[in-house]
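Let me begin by presenting the structure, written as structure tokens, before commenting on it.
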Protein chains: 2
Amino acid sequence: MAATLKDIAREVGVSVTTVSRALAGYSDVAEATRLRIQTAAARLGYHPNLQARRLQKQRTDTLGFIIPTFGPRFSDPFFSEFIAGIGNEASLHDYDLLVSTHAPDSADEAEAYQRAARGRWVDGLIVVRTRQDDARIKLLSEHSFPFVAFGRSNCEHDFPFVDEDSAEGIRLLVEHFVALGHTKIAFIAPPSGLMFGHFRRQGFLDTMAANGLPVVPEWVGEGDMSQRGGAAAAEALLSHTPRPTAIICGNDLMAMGTINYIQQLGLKVGDDIAVAGFDDIPLAAYVSPSLTTIHQPIYEIGRRTCAMLIDIINGRFPENPHHLLTPTLIVRKSSCLAID
Amino acid sequence: MAATLKDIAREVGVSVTTVSRALAGYSDVAEATRLRIQTAAARLGYHPNLQARRLQKQRTDTLGFIIPTFGPRFSDPFFSEFIAGIGNEASLHDYDLLVSTHAPDSADEAEAYQRAARGRWVDGLIVVRTRQDDARIKLLSEHSFPFVAFGRSNCEHDFPFVDEDSAEGIRLLVEHFVALGHTKIAFIAPPSGLMFGHFRRQGFLDTMAANGLPVVPEWVGEGDMSQRGGAAAAEALLSHTPRPTAIICGNDLMAMGTINYIQQLGLKVGDDIAVAGFDDIPLAAYVSPSLTTIHQPIYEIGRRTCAMLIDIINGRFPENPHHLLTPTLIVRKSSCLAID
DNA sequence: TTGAAAGCGCTAACAC
DNA sequence: GTGTTAGCGCTTTCAA
């Protein structure tokens with residue numbers, strides 16, 4: 001069906017080897033021969049069989065990204081932004097990107113990582129949403145399989161990562177509210193099994209303490225990172241008296257759920273209750289009121305993570321394999337309608 | 001490094017052939033032998049080399065999805081939702097999903113499709129955002145390369161697709177506004193090079209005519225599907241007098257940009273000016289005012305597209321290769337604040 | 001029930 | 001400059 005080197009060789013009357021070298025641009029081929037070969041290749045519509053090349057070269061020129069997602073869908077804008085980053089960086093370096101989704105910590109997921117680490121499925125992996133005692137990191141580290149994580153972890157292995165200083169981000173948010181005069185500040189944390197959930201929660205507790213503010217247990221909730229989860233956590237928080245006057249949410253999606261719930265109560269966000277999120281997803285500026293949040297350059301993080309991985313795969317181990325990015329506070333109306 | 005069939009064969013003292021058959025579950029292997037082989041395989045941590053298997057089997061068990069995107073990023077939630085659909089369906093059938101991004105109609109994109117069609121890069125492709133005289137469809141059809149499109153086209157080839165009846169969706173929107181008493185209705189169309197842009201525009205013109213309403217040229221704009229594009233088009237529309245009282249946007253993102261611009265003018269969306277979108281992205285319900293729109297079950301469409309492709313790859317050509325889905329109107333506040 | 005041999009399409013070491 | 005040979009790891013006739 002598709003033309004092979006053999007077809008070209010037969011056509012031109014040379015050996016398969018010569019064709020291979022001519023097309024690969026080796027210098028030890030007579031220009032005349034190369035020309036005839038190139039012509040024939042073009043005429044036959046030759047494209048190399050990638051499987052064959054990969055088997056021979058013992059590399060797939062493919063990167064893997066296993067999305068840890070519960071349920072059938074991921075509506076989390078984080079992933080699309082991140083995929084765009086790694087995808088574009090990968091194609092810049094002629095790598096393909098293989099994407100699949102598996103529930104976090106499922107047998108399914110473990111199997112996928114096994115396959116990657118042992119089956120030459122891909123040349124390297126990108127790991128996101130790092131977890132406490134992350135089994136993925138353990139496995140890959142033990143197999144010395146190339147990978148880069150978005151997120152730190154608490155395991156004994158040292159591994160390359162890009163991460164954002166989540167605790168610092170939360171600190172900015174808390175101090176923003178303190179500066180606005182708030183003292184009754186609530187927090188809706190991401191799941192603490194996730195490392196960034198842990199860091200964000202810790203950042204909240206530390207900054208509250210540093211400012212001499214009390215942490216009311218009823219004002220510290222937890223949500224599953226979705227709008228629905230945010231709304232549910234907000235409902236729980238706000239059913240207690242006295243109410244907090246400000247709510248920091250562990251991510252933007254939960255902040256949107258929170259805003260929605262507050263509005264249902266007939267209260268005014270940014271006036272009666274201040275709200276902030278974390279991530280600065282593209283729509284954060286468009287919801288109403290617009291969302292005060294911490295900017296994470298997800299696209300850029302994706303690119304850097306991917307670039308680092310490609311370096312590692314090609315034996316260029318980075319001098320500094322631990323990138324910790326400094327977050328930026330984005331003040332919008334949800335924290336105070338009067339601002340701006 | 002990684003264990004191969006040969007390693008197991010040496011270990012157990014049988015031939016590679018026997019190991020292969022034992023592991024593949026063939027019945028012509030003595031149970032005792034199989035057991036020894038399985039034990040050895042487990043102990044050595046054997047995982048088949050996928051490249052080798054693929055080369056031999058002449059199939060990759062991989063599906064390709066080339067995202068047509070301008071610029072460095074795709075913040076369009078459509079893609080993440082769609083990828084989730086195809087990704088999950090693919091993994092259900094043990095297919096991998098290869099994702100890459102290329103600018104529509106670029107040389108780059110053409111090359112990627114060539115590679116797919118001729119280089120045994122993937123077993124089949126999913127094509128989205130079909131275009132007028134779509135070169136991708138032409139190429140794949142001529143090579144009889146398995147693919148399924150999300151969207152129809154105007155080319156001479158007959159090909160399998162899943163699509164939504166965009167014209168019908170717009171009809172629902174126009175008649176919704178007509179029922180609310182609007183007569184001055186504007187439209188911000190998606191690029192007409194895109195087939196759904198064409199259908200949506202046509203749906204608008206037809207329904208306006210059917211209702212005896214004038215189509216004012218200044219009230220028909222076009223945007224690039226982004227918030228920014230929507231805001232720009234809205235600005236152009238609203239600079240004319242008289243102003244329209246309702247604006248139908250070709251997608252939700254543009255509707256959000258439009259809403260934003262209207263609010264900047266100090267006007268009230270759903271009161272001074274009614275706005276509607278198209279797609280029902282997850283956040284449509286969360287923006288303020290919530291967005292009247294046409295629901296497209298993107299996730300489900302992704303799944304069906306993918307399922308159809310897998311059927312085709314495996315020689316099960318569908319009885320009906322043309323799925324046209326009926327859209328649903330979702331009425332929210334942006335079309336009329338008074339409505340629930 | 002098992003093994004030998006061939007071949008998927010490509011690359012690379014080595015000879016000529 | 002070019003060809004011969006071998007081999008990547010696997011599956012699959014075909015014999016034994």
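These figures come from a predicted structure and were not determined experimentally. Throughout, protein chains are lettered first and strands after them, A, B, ... in sequence-line order, and every chain is numbered starting at 1.
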Choosing from dC10(C), dG3(C), dC8(D), which nucleotide comes nearest the side chain of Q58(A)?
dC8(D)

Among dT2(C), dG1(D), dC8(C), the nucleotide that comes nearest once only the side chain of R21(B) is considered:
dT2(C)

When rounded to whole Å, the CG to C1' distance for the pair D7(B) and dC10(D) reads 13 Å

Taking NZ, NE, NH1 and NH2 as the nitrogens, is one of them in E11(A) or R43(A) under 4.0 Å from a carboxylate oxygen of the other?
yes

Could you state the CZ-P distance from R59(A) to dT11(C), rounded to the nearest angstrom?
14 Å

Are D133(B) and R131(B) close enough, and set up right, to give a salt bridge (Lys or Arg N to Asp or Glu O under 4.0 Å), and what steps lead you there?
CA-CA 6 Å; D133(B) 307 310; R131(B) 316 195 269 258; over 6 Å; no

Could you tell me whether the phosphate oxygens of dG9(C), OP1 or OP2, come under 4.0 Å of any side-chain nitrogen or oxygen in T4(A)?
no

Does OP1 or OP2 of dT2(D) have a side-chain N or O of Y26(A) closer than 4.0 Å?
no

To the nearest Å, give me how far apart CZ (R10(A)) and P (dG9(C)) are.
12 Å

Using whole Å, what does the distance between atom C1' of nucleotide dG7(D) and atom CG of L5(B) come to?
15 Å

Rounded to the nearest Å, what distance is computed from the CG atom of residue L35(B) to the P atom of nucleotide dT2(C)?
12 Å

What's the closest nucleotide to the side chain of R53(B) if the choices are dC8(D), dC10(D), dG1(D)?
dC10(D)

Under-4.0 Å salt bridge between R304(B) and E300(B):
no

Output yes when at least one side-chain N/O atom of S20(B) is less than 4.0 Å from OP1 or OP2 of dT11(D), else no.
yes

Please report, rounded to the nearest Å, how far the P atom of dA6(D) is from the CG atom of L55(A).
18 Å

Where the side chain of T18(B) is concerned, which of dG3(C), dG9(C), dT1(C) is the nearest nucleotide?
dG3(C)

Give V16(A) one of three labels, base, sugar-phosphate or nothing, depending on what nucleic acid heavy atoms sit under 4.0 Å from its own.
base

N-O pairing of D96(A) and R54(A) below 4.0 Å:
yes

Quick one: label R54(A) by what it contacts on the DNA or RNA (base, sugar-phosphate, nothing), any heavy atom closer than 4.0 Å.
nothing

Nearest-nucleotide pick for Q56(A), side chain only, options being dG9(C), dT2(C), dG3(D)
dG9(C)

Measure CD/Q51(A) against P/dG7(D) and give the value in whole Å, please.
23 Å

Is the ring pair F147(A)/F159(A) parallel, tilted or perpendicular, if the boundaries are 30 and 60 degrees?
parallel

Closest of dT1(C), dT11(D), dG9(D) to the K57(B) side chain is dT11(D)

D28(B) CG to dA15(D) C1', straight-line distance once rounded to whole Å:
14 Å

Which part of the nucleic acid, if any, lies within contact of N49(B), taking any heavy atom under 4.0 Å across all strands shown: a base, the sugar-phosphate backbone alone, or nothing?
sugar-phosphate

On DNA chain C, nearest-nucleotide positions of L50(A) versus S15(B): which is more 5'?
S15(B)

Among the candidates dG3(C), dC8(C), dC8(D), find the nucleotide nearest to the side-chain atoms of K6(B).
dC8(D)

Hey, does T17(B) reach any base, or is it just sugar-phosphate, or nothing, if we go heavy atoms under 4.0 Å?
base

Are the charged groups of E142(B) and K138(B) less than 4.0 angstrom apart, N to O?
yes

